[in-house]
Peer 1: 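Mind looking over this structure? Questions follow.
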Amino acid sequence: MFPDLPESLADLRPLPHCDGPKMEPFDFRGPQKIEFLEYLGEGLHSHVVKVRILGQVYALKLFRFCYDGDWLGPALHYMDDDHDLNLEEMTAFGNYSEPFSAECRAFGRLKEAGHEELAVQCFGYVLLDDEHERALQAQFSDLKLEFTGDMDSSDAELRSRYVGKGGKLPPIRGLVKEFGRGEEDLRARNASRILRNIVQLQQLGIIHIDVGHRQIISGKIADFSTAITSPHYMLNPELNPHLNPKHISAMEYEAFKFSMMDYWDFDLMIHEWNEEPKNRKKQVSVYAYPRGNGCKIKYNLRSTPNRERVYSFADPRQYDWQHCGPAGQKSRIPGRVSKMRQKRLDVKPSRWYYNGSSTKAARLRLAVGGTSLEWYYKDGNIFPRAKSYCGYLDI
Ligand SMILES: Nc1ncnc2c1ncn2[C@@H]1O[C@H](COP(=O)(O)OP(=O)(O)OP(=O)(O)O)[C@@H](O)[C@H]1O
């Protein structure tokens with residue numbers, strides 16, 4: 001489920017181990033050496049610290065061993081007493097969706113497609129060795145950093161249930177990122193750029209970006225710990241040859257909803273900015289949907305012209321993941337990583353109009369957050385199932 005500490009540098013391979021984009025290990029040009037400088041902040045999935053490596057300052061995002069319910073893993077009843085935790089199942093899900101994997105895959109995609117400018121830059125992953133874990137805790141001893149659970153509670157078992165080679169606890173995993181500033185001013189030009197970046201990220205097959213003001217660092221999106229990047233069991237039916245048409249239609253509904261919600265979140269961020277008394281003179285009128293109110297649809301889709309139907313701004317399934325080289329592919333020139341041909345992105349790609357039934361379209365119009373599906377693992381494949389309160393999905 002989690003990577004082991006490497007015995008030698010040669011053991012460090014791009015992660016995660018599943019189809020699709022990957023992140024390379026950070027190049028320390030020798031043994032790991034990190035100087036912990038300052039604590040920057042925390043989120044549901046991580047602690048972020050300012051560090052110096054090889055004379056350069058970075059933000060190091062260190063991931064927690066999260067609760068199973070805090071990421072898009074298997075249905076929670078899998079975790080009850082009757083069902084032993086199955087390493088193969090958890091790994092199958094974890095490789096795609098566990099927060100560290102989710103970030104590796106999204107940043108890996110940006111590298112692979114030659115579009116690192118769309119987010120804060122990420123320079124590689126780190127597996128903290130014991131010495132650095134001790135140094136980290138010593139440096140911030142007053143904060144008593146916990147790496148299991150979430151911001152409010154911890155549970156040591158979340159880490160110890162996945163012991164690695166020699167019975168050792170898995171190492172804390174980190175991503176080395178460009179160090180930046182938060183508290184971005186959202187005035188029009190910045191807001192327009194962020195919106196454009198979301199549309200372009202979706203064209204690269206990345207959705208569920210968790211858009212919010214706190215995620216914007218130096219004017220760019222910085223957090224992909226919830227991102228769904230193609231190929232993914234929600235987006236790409238071709239990963240599982242045993243899906244039936246009902247499964248596929250329910251997955252399309254979910255993927256569409258998640259894509260659309262990124263724009264709802266963007267509009268919510270603008271509304272919240274405008275409501276802040278301190279921003280009274282800095283109002284922003286850049287919205288994804290007209291006036292930030294979502295899309296209006298009529299109930300009879302057949303007779304409803306496109307412009308009035310429920311839509312999102314890009315279809316992430318269009319990204320041709322099978323024909324893009326894996327991140328980290330070695331160049332023929334020793335010591336260099338080959339540059340992928342940059343994928344051309346449209347500022348205004350064709351909209352994604354939802355094609356399902358009128359009832360489902362009407363539900364999407366409400367765009368109530370949250371997931372409609374849960375996922376289970378069977379014979380090496382991942383299948384969707386409607387959540388108990390989503391019977392309208394009919395699977
Ligand atoms: N590149 C960076 N430079 C400076 N500070 C950063 C950087 N990345 C993150 N931070 C700080 O760390 C905090 C947590 O980071 P981030 O949002 O990536 O974590 P998370 O655990 O994924 O959070 P969330 O609960 O939003 O999913 C940010 O709110 C920000 O204050």
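Computed from heavy atoms alone, side chains included, the values below leave out hydrogens, waters and symmetry copies. Indexing begins at 1, ligand by ligand and atom by atom, following the structure's order. None of the values given here were measured: they were computed from a predicted structure.
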Peer 1: Provide, to 0.1 Å, the distance between atom 5 (N) of ligand 1 and the closest protein heavy atom, together with that atom's residue and name.
Peer 2: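 Result for atom 5 (N) of ligand 1: Leu40 CD1, 3.8 Å.
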Peer 1: Do any N or O atoms from the side chain of Asp150 and from the backbone of Ser153 form a donor-acceptor pair under 3.5 angstrom?
Peer 2: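 Yes, the answer is positive, given that a donor and an acceptor are paired below the 3.5 Å cut-off.
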Peer 1: Do the side chain of Lys177 and the main chain of Gly124 share a donor and acceptor less than 3.5 angstrom apart?
Peer 2: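 A pair under 3.5 Å: no.
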Peer 1: Can you sort out which atoms of ligand 1 are near Arg214, meaning under 4.0 Å from one of its heavy atoms?
Peer 2: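 Contacts of ligand 1 toward Arg214, numbered from 1: 26 (O), 29 (O).
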Peer 1: More than 12 heavy atoms of other residues, nucleotides or ligands under 6.0 Å from CD of Glu117: is that the case?
Peer 2: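 Counting other residues, nucleotides and ligands, CD of Glu117 exceeds 12 neighbours.
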Peer 1: At under 4.0 Å between heavy atoms, is it the side chain or the backbone of Arg181 that contacts ligand 1, or both, or neither?
Peer 2: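 It is neither; nothing of Arg181 touches ligand 1.
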Peer 1: Can Asp320 and His323 be counted as having a side-chain donor-acceptor contact under 3.5 angstrom?
Peer 2: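 Yes.
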Peer 1: Mark the output for Gly182 as yes if a heavy-atom distance to ligand 1 is under 4.0 Å, and as no if none is.
Peer 2: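 In this structure, Gly182 fails to qualify as a contact of ligand 1 - no heavy atom is under 4.0 Å.
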Peer 1: What is the closest protein heavy atom to atom 21 (O) of ligand 1, and at what distance does it sit?
Peer 2: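 Looking at atom 21 (O) of ligand 1, the protein heavy atom closest to it is Ser46 OG, 2.8 Å.
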Peer 1: Just need the protein heavy atom nearest to atom 1 (N) of ligand 1, so name the residue and atom and give the distance.
Peer 2: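 Checked against all protein heavy atoms, atom 1 (N) of ligand 1 sits closest to Glu178 O, 2.8 Å.
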Peer 1: Honestly, is Lys50 close enough over Phe36, meaning NZ or CZ under 6.0 Å from the six-membered ring centre and within 45° of the axis?
Peer 2: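 No, Lys50 does not lie over the aromatic ring of Phe36.
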Peer 1: Determine whether the aromatic ring centres of Phe266 and Tyr287 lie less than 6.0 Å apart.
Peer 2: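 No, the ring centres sit 6.0 Å or more apart.
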Peer 1: For ligand 1, is any non-hydrogen atom under 4.0 Å from Glu42's backbone (N, CA, C, O), its side chain (CB onward), both, or neither?
Peer 2: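 For Glu42, only backbone atoms sit under 4.0 Å from ligand 1.
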Peer 1: Looking at Glu42, Glu103, Glu178, which hits salt bridge (Lys or Arg N to Asp or Glu O under 4.0 Å) with Lys61?
Peer 2: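 Among Glu42, Glu103, Glu178, the one meeting salt bridge (Lys or Arg N to Asp or Glu O under 4.0 Å) with Lys61 is Glu103.
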Peer 1: Report the nearest protein non-hydrogen atom to atom 6 (C) of ligand 1: residue, atom name, distance rounded to 0.1 Å.
Peer 2: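 Scanning the protein heavy atoms, the shortest distance from atom 6 (C) of ligand 1 goes to Ile217 CD1, 3.7 Å.
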Peer 1: Among all protein heavy atoms in this structure, tell me which lies nearest to atom 23 (O) of ligand 1, with the distance rounded to 0.1 Å.
Peer 2: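 Among all protein heavy atoms, the one nearest atom 23 (O) of ligand 1 is Gly43 CA, 3.3 Å.
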Peer 1: Looking only at distances, please establish whether an N/O atom of ligand 1 is found under 3.5 Å from an N/O atom of Ala59.
Peer 2: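 Such a contact does not occur with ligand 1.
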Peer 1: Going by atom types alone, do Gln202 and Ser259 pair a side-chain donor with an acceptor below 3.5 Å?
Peer 2: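 Note: Gln202 and Ser259 side chains meet the donor-acceptor criterion.
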Peer 1: Between His45 and ligand 1, does any nitrogen or oxygen pair lie at a separation below 3.5 Å?
Peer 2: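 Yes: some nitrogen or oxygen of His45 is under 3.5 Å from one in ligand 1.
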Peer 1: What atoms in ligand 1 come closer than 4.0 Å to a heavy atom of Gln215?
Peer 2: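 Answer for ligand 1: 17 (O), 26 (O).
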Peer 1: Show which atoms of ligand 1 fall inside a sub-4.0 Å distance from at least one heavy-atom site of Ser225.
Peer 2: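 So the atoms of ligand 1 that pass are 22 (O), 27 (O).
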Peer 1: Say whether His213 and Gln215, considering side chains only, have a donor N or O and an acceptor N or O under 3.5 Å apart.
Peer 2: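 Checked: His213/Gln215 side chains show no N/O donor-acceptor pair below 3.5 Å.
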Peer 1: Are the aromatic rings of Tyr377 and Phe383 close, with centres under 6.0 Å apart?
Peer 2: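 Aromatic pair excluded; centres sit 6.0 Å or further apart.
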Peer 1: Regarding ligand 1, does Lys61 bring an N or O atom to under 3.5 Å of one of the ligand's N or O atoms?
Peer 2: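 Checking ligand 1 against Lys61, an N or O pair does fall under 3.5 Å apart.
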Peer 1: If you have a sec, work out which protein heavy atom is nearest atom 8 (N) of ligand 1 and how many Å separate them, to one decimal?
Peer 2: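 Result for atom 8 (N) of ligand 1: Val48 CG1, 4.0 Å.
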Peer 1: Apply salt bridge (charged side-chain N to carboxylate O under 4.0 Å, His left out) to residues Lys220 and Glu184 and explain how you reach the verdict.
Peer 2: CA-CA 9 Å; Lys220 291 179 177 178; Glu184 183 70 13; over 6 Å; no
Peer 1: In the protein, what heavy atom is nearest to atom 24 (P) of ligand 1, and what distance, to one decimal place, separates them?
Peer 2: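 Answer for atom 24 (P) of ligand 1: Asp223 OD2, 3.6 Å.
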Peer 1: Quick check, are the ring centers of Tyr125 and Phe26 under 6.0 angstrom apart?
Peer 2: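 No.
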Peer 1: Heavy-atom contacts under 4.0 Å between Leu44 and ligand 1: side chain, backbone, both, or neither?
Peer 2: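 For Leu44, the contact with ligand 1 is made by both the backbone and the side chain.
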Peer 1: Considering non-hydrogen atoms of the protein only, which is the closest contact for atom 4 (C) of ligand 1, and what is the distance?
Peer 2: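 Protein heavy atom with the smallest distance to atom 4 (C) of ligand 1: Gly180 O, 3.2 Å.
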Peer 1: Please report whether ligand 1 has a polar contact with Glu103, defined as an N or O pair separated by less than 3.5 Å (distance criterion only).
Peer 2: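 By distance alone, the answer is no.
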